[in-house]
Amino acid sequence: MAHDYDLVIIGLGSGGTLAAEFAAGELGLKVAAVERGRIGGDCLWTGCVPSKSLIASARVAHTVREAAHYGVTAGEPEIDLTAVWGRIKTIQAGIAATDDSPDRVTELGVELIEGEGRVTGYSEVTVDTADGSRLLDTRFVLVCTGSRPAVPPIPGLAEVDYLTSENLFELEHPPGSLVMIGGGPIATELAQAMVRLGVPTTVLEMAHRLVPRDEPELADRLGQILRREGVDLQLSTAATAVKPGGDGVIVETAEAQFTAAGLVIATGRAANVETLGLDKFGIPVSADGIEVDGR
């Protein structure tokens with residue numbers, strides 16, 4: 001039986017874009033790609049690109065501050081956080097206009113469809129577009145829908161304007177001080193960067209060390225470095241409630257409360273799989289994603 005497409009890709013983040021390029025450009029397959037938001041996904045808009053751009057600015061500030069160690073006379077750097085955030089947006093826009101542009105995708109021979117895709121048959125994807133629903137008949141479906149920040153059920157959290165990696169880089173400049181709930185990779189790199197850029201930052205981590213899934217000795221060393229650089233690192237500490245107050249928000253724990261202008265939630269990621277309809281076809285899914293076998 002002939003199909004309209006060899007492959008339909010749902011999601012054009014890093015995984016989906018690379019798959020589309022390989023399938024259409026290298027294998028010569030007939031490919032359609034479905035994207036509900038911006039091409040580039042987490043890496044371009046909320047993850048790798050903005051965070052590493054931020055880290056680069058923070059590293060420069062740190063080097064200037066520590067210049068005396070290299071025999072160079074300097075002083076406390078003058079930091080323009082609006083300019084730092086503007087630089088991040090400029091870098092994102094440059095990539096969005098070139099490597100991750102819609103034109104580049106279509107030039108590869110991929111049919112780009114804007115809308116929300118879901119699997120409605122063993123060889124069928126339905127896309128809800130601005131003009132209505134569209135049915136795509138395909139040999140194979142590749143799910144590349146990525147993930148989003150997982151938000152913990154902390155009392156009062158819904159009543160404050162908290163930040164995550166999804167909206168932090170959408171701001172014109174960051175808050176003047178931060179409390180971060182979570183001590184994984186995202187919170188750790190953000191906390192170091194923000195303190196290096198002159199933003200007082202507190203990290204609350206439930207475990208007894210940062211990045212608890214990583215090598216313990218290195219994690220302990222990382223904690224020492226962050227504390228030395230000025231991060232207020234609170235380990236074995238769980239947030240019990242959140243409320244507006246002080247400069248912006250108050251985070252309560254069993255032992256104390258912490259006040260800052262802004263709150264960042266960095267407690268892990270949840271897979272974007274709920275709306276795909278995969279459960280109807282016996283495909284087990286959870287907040288961790290789609291269960292796969294050895295192949």
Side-chain angles (χ1 to χ4, degrees), residues 42 46-47 50-51 54-55 58 146-171 174-274 285-289:
D42 172 65
T46 65
S51 67
L54 174 68
I55 288 170
S147 63
R148 64 188 183 279
V151 179
I154 301 173
L157 188 57
E159 278 69 60
V160 301
D161 293 327
Y162 62 86
L163 297 167
T164 69
S165 59
E166 295 283 303
N167 58 4
L168 175 62
F169 298 109
E170 299 288 342
L171 303 175
S177 59
L178 291 170
V179 172
M180 297 185 181
I181 298 178
I186 294 174
T188 299
E189 68 177 10
L190 281 177
Q192 183 183 49
M194 298 311 296
V195 165
R196 286 180 168 188
L197 291 170
V199 178
T201 300
T202 298
V203 174
L204 309 180
E205 167 55 49
M206 294 176 62
H208 63 283
R209 61 168 51 94
L210 283 174
V211 288
R213 295 184 179 182
D214 291 316
E215 165 59 42
E217 185 176 351
L218 295 179
D220 290 340
R221 176 66 175 147
L222 186 60
Q224 294 170 9
I225 292 171
L226 263 63
R227 281 196 168 111
R228 187 175 68 236
E229 292 190 11
V231 176
D232 180 13
L233 183 55
Q234 302 288 329
L235 301 176
S236 302
T237 303
T240 57
V242 174
K243 62 184 179 182
D247 293 335
V249 64
I250 297 173
V251 181
E252 298 179 347
T253 71
E255 305 294 334
Q257 65 179 29
F258 301 88
T259 302
L263 170 65
V264 176
I265 301 297
T267 50
R269 308 281 296 182
N272 295 324
V273 293
E274 304 94 333
V285 298
S286 69
D288 294 327

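Hydrogens, waters and symmetry mates are skipped; everything else that's a heavy atom, side chains included, is used.
- The side-chain contact (heavy atoms from CB on, under 4.5 Å) with Leu178 is formed by just one residue from the set Val249, Thr201, Asp232; it is Thr201.
- Screening residues 175-200 for side-chain hydrogen bond (donor to acceptor under 3.5 Å, both in side chains), with sequence neighbours left out, gives Ser51-Glu189, Lys52-Glu189, Gln192-Glu229, Arg196-Glu229.
- Formation of a donor-acceptor pair under 3.5 Å by the Thr267 side chain with backbone atoms of Ala150 is found in this model.
- In this structure the side chain of Leu163 reaches within 4.5 angstrom of the side chain of Leu171, judged on heavy atoms.
- Between the Asp220 side chain and the Glu217 main chain, no donor and acceptor come within less than 3.5 Å of each other.
- Between Ala266 and Ile186, the shortest heavy-atom distance links the atoms CB-CG2, 4.3 Å.
- Distance CE/Met180 to CG/Leu263: 9.5 Å, rounded to 0.5 Å.
- One finds the CG atom of Leu210 at 4.5 Å from the CG atom of Leu233 (value rounded to the nearest 0.5 Å).
- With a 4.5 Å cut-off on side-chain heavy atoms, Pro212 and Glu205 count as touching.
- Every residue two or more places apart in sequence or in another chain that forms a salt bridge (charged side-chain N to carboxylate O under 4.0 Å, His left out) with Glu274 is listed here: Arg148.
- Between the side chain of Arg209 and the main chain of Ala219, no donor-acceptor pair closer than 3.5 Å is present.
- With sequence neighbours left out, the side-chain hydrogen bond (donor to acceptor under 3.5 Å, both in side chains) criterion links Thr237 to no other residue.
- Remark: side-chain polar atoms of Thr240 are paired, donor with acceptor, to backbone N or O of Glu252 under 3.5 angstrom.
- For the pair Val203 and Ala191, the tightest heavy-atom approach, listed with the atom from each and the gap, is CG2-CB, 3.6 Å.
- Heavy atoms from other residues, nucleotides or ligands lying under 6.0 Å from OH of Tyr162 number 12 at most.
- Taking every heavy atom of both residues into account, Arg269 and Ser147 meet most closely at NH2-O, 2.8 Å.
- Looking only at side-chain heavy atoms (C-beta outward), Ile265 and Leu157 come within less than 4.5 Å of each other.
- At least one side-chain heavy atom of Leu190 sits under 4.5 Å from a side-chain heavy atom of Leu54.
- How far CD of Glu166 is from OG1 of Thr46: 4.5 Å, rounded to the nearest 0.5 Å.
- Residue Gly182 comes nearest to Ala187 through the heavy atom pair O-CB, 3.0 Å, listed as atom of the first residue, atom of the second, then distance.
- Residue Glu215 qualifies as enclosed at atom CD: its count of foreign heavy atoms under 6.0 Å is above 12.
- Annotation for Asn167: atom CG counts as buried by contact number, over 12 foreign heavy atoms lying within 6.0 Å.
- The two atoms that bring Ala239 and Ile181 nearest to each other are CB-CD1, 3.8 Å, heavy atoms only.
- Shortest non-hydrogen contact noted between Ile154 and Val242 is CG2-CG2, 3.9 Å.
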